[in-house]
2 protein chains.
Amino acid sequence: MTRETAPEQTGPTLRQKIVLAAAELLEEAGLEAVSTRAVAARAGVPTPSIFRIFGDKDGLLEEVAEHGFGRYLAAKAELLTGDDPVRVLREVWDLHIRFGVEHPAYYTLVYGQVRPGHMPQAGRRAVADLRGALVRVAAAGRLRMSVDLATEVMHSAGVGTILALTALPEDARDLRTADTVREMVVDTLTLPPPPDGAAAPGITVASSATTLAAALGRDGTSALTPGELTLLTEWLDRLADPTTTAG
Amino acid sequence: MTRETAPEQTGPTLRQKIVLAAAELLEEAGLEAVSTRAVAARAGVPTPSIFRIFGDKDGLLEEVAEHGFGRYLAAKAELLTGDDPVRVLREVWDLHIRFGVEHPAYYTLVYGQVRPGHMPQAGRRAVADLRGALVRVAAAGRLRMSVDLATEVMHSAGVGTILALTALPEDARDLRTADTVREMVVDTLTLPPPPDGAAAPGITVASSATTLAAALGRDGTSALTPGELTLLTEWLDRLADPTTTAG
DNA sequence: GTTGATCCGGTATCGACGGTATCACCGATA
DNA sequence: TATCGGTGATACCGTCGATACCGGATCAAC
């Protein structure tokens, strides 16, 4: 497989060497062991190289987070191709929980160092993927509320479940919590499948508004002006989330 | 109010002066502004005093967290005296959300700096109070699951909701998320009230045994073997009918 | 009144941290 | 051959958490 005489013998980039060294330190000894000096020593490069490449330490940690989330986000993207969107939702939840429990260092790096108004790129990508899964639920007419609200609710519950689990002593963690919260979330966000090809009594104002919004987002329309579309979208959001009342 | 000639003119303790200085710095400029030097300068004490009193910086932050959680925990304790435990549950949730949104510095200090297996004292006290509220729900016969599991579920959802909200840019925060999650949690954890005052004079061993037997007969379970289930049913019958005594 | 223990103010200092400045070198490009 | 961007290497800056050490103030016990 490896050609000794290959003309392209460059090997890992300097970036990659540094990110990998930082990732190893993070996994082996936790976040507080990741100092710029320790990373540089492990990567075999002088300390200033880190700042030349990543700007500052936060820039390095951003890329370390991307590195750690890579396999997780790829697996999640693969799940999204499933055909039953509610089933996919459960699989996304379980994948999320498993990743958080098995890689607490990466997870707490992204979601466990909360500063007001800030979230790493990897975290935003994960939320965007979750939103994609919920758009598909909405398109199937099985979402009870707006996609945005559902995304926030499911993301909040997922992050909280893992962080609360991680903060517990290792011998006190009860994985049933994750299962209970998953069913709670799925039951709250989704509608039961229509009983058959027939009339589908699960249709409500909220669910049909959500379905229409998803369809408009997916296919667009030329029947309305942009201004009309903006207003309609706002109305659909209000119809989708019944807790909102007209002012 | 202040008596000039008061014999007890001690004023605030050294501890209190330092904790207060650190708390002010935390609220005004965030966690990263709380350095031991800055705290010492603001409190008007030499730096080593901090370490003499609190051991290390974490010891100081522990007491700062206690200070910041003080009013919140006191208000929560007052709520717990309410008579409708499910209503109390909602009030506890709202109080929790309000505290997290209004005091993100204290909240993220306690719940937003996740290290595996670690939680500040103030956080553990808050969880214990939540558990107390759920014990009262269970005592009223309106809890669907064990107190421990319910505590974990509600705590996870609450922490996740506030942390996810805090991590959002300030203009993108949607407080409806908290309301949706609250109703989701309450619906999942609690049972509806008994249909009328007539049928529910009070929860007793007999009545709850009857309730459980009825539920088992209606829904079945896969948590017990058929043999275990047979034995349990017999015990429930004995508990439900006090005229029968054990041989 | 003297002694001793304890607490507190004050200074200096330590090692490690994030980050920067500066220079030499080396390979590609023109 | 001259130039220029990327890299290695060293020294350095200010700040951090934490400690050592000294001197003075207080208070109880003898």
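Keep in mind that what you see is a predicted model, and the values were worked out from it rather than measured. A, B, ... follow the sequence lines: proteins, then strands. Residue 1 opens every chain.
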Item to check | Those residues that, when tested against B/Tyr107, pass ring pair (Phe, Tyr, Trp, His ring centres under 6.0 Å) (two or more places apart) | outcome: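 For B/Tyr107 the ring pair (Phe, Tyr, Trp, His ring centres under 6.0 Å) partners, ignoring immediate neighbours, are B/His96, B/Tyr111.
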Whole-Å gap separating [atom2] ([N]) and [atom1] ([X]):
X: A/Asp58; N: C/dC17; atom1: CG; atom2: P; answer: 16 Å
X: A/Leu60; N: C/dG18; atom1: CG; atom2: C1'; answer: 12 Å
X: B/Phe51; N: C/dG10; atom1: CZ; atom2: C1'; answer: 15 Å
X: A/Phe54; N: C/dG18; atom1: CZ; atom2: P; answer: 14 Å

[X]: partners by salt bridge (Lys or Arg N to Asp or Glu O under 4.0 Å), with sequence neighbours left out:
X: A/Arg87; value: A/Glu91
X: A/Asp94; value: A/Arg182
X: A/Arg52; value: none
X: A/Arg90; value: A/Glu183

Next on the checklist: By the salt bridge (charged side-chain N to carboxylate O under 4.0 Å, His left out) test, which pairs, at least two apart or in different chains, include something from residues 157-174 of chain A?
Outcome noted: A/Asp174-A/Arg176
Item to check | Proximity to DNA chain D (any heavy atom under 4.0 Å), residues of residues 24-49 of chain B only | outcome: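 Within residues 24-49 of chain B, the residues near DNA chain D are B/Val34, B/Ser35, B/Thr36, B/Arg37, B/Pro48.
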Checklist entry - What pairs meet the ring pair (Phe, Tyr, Trp, His ring centres under 6.0 Å) rule with one or both residues in residues 33-90 of chain A, with sequence neighbours excluded? => result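 Matches after skipping sequence neighbours: A/Phe69-A/Tyr72, A/Phe69-A/Phe99, A/Tyr72-A/Phe99.
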Checklist entry - Do B/Arg52 side-chain and C/dG9 base share a donor-acceptor contact under 3.5 Å? => result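 Yes, a donor-acceptor pair under 3.5 Å.
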Next on the checklist: Just to be sure I understand the rule, does B/Ile50 reach a base, reach only the sugar-phosphate, or reach nothing, if contact means heavy atoms closer than 4.0 Å?
Outcome noted: nothing
Checklist entry - How does DNA chain C look in dot-bracket notation if pairs are Watson-Crick or G-U with both distances under 3.5 Å, crossing ones as [ ], other-strand ones as |? => result ||||||||||||||||||||||||||||||
Please set out all donor-acceptor pairs under 3.5 angstrom arising from side-chain atoms of residues 35-42 of chain A, sequence neighbours excluded.
from: A/Ser35; atom 1: OG; to: A/Ala38; atom 2: N; distance (Å): 3.1
from: A/Arg42; atom 1: NE; to: A/Glu24; atom 2: OE1; distance (Å): 3.0
from: A/Arg42; atom 1: NH1; to: A/Glu28; atom 2: OE1; distance (Å): 3.2
from: A/Arg42; atom 1: NH2; to: A/Glu24; atom 2: OE1; distance (Å): 3.3
from: A/Arg42; atom 1: NH2; to: A/Glu28; atom 2: OE1; distance (Å): 3.4
from: A/Arg42; atom 1: NH2; to: A/Glu28; atom 2: OE2; distance (Å): 3.0

Checklist outcome for this item: Counted 5' to 3', the first and last nucleotides of DNA chain D within 4.0 Å (strictly under) of a heavy-atom of chain A are D/dT7 to D/dT10
Next on the checklist: With heavy-atom distances below 4.5 Å as the criterion, would you say the side chains of A/Thr108 and A/Leu31 are in contact?
Outcome noted: no
Checklist outcome for this item: CD of A/Glu78 to CG of A/Leu95, rounded to nearest 0.5 Å, is 10.5 Å
Can I get a per-line list of side-chain donor-acceptor pairs under 3.5 Å for residues 155-164 of chain B, giving both atom names and the distance, sequence neighbours left out?
from: B/Ser156; atom 1: OG; to: B/Glu152; atom 2: O; distance (Å): 2.7
from: B/Thr161; atom 1: OG1; to: B/Ala157; atom 2: O; distance (Å): 2.6

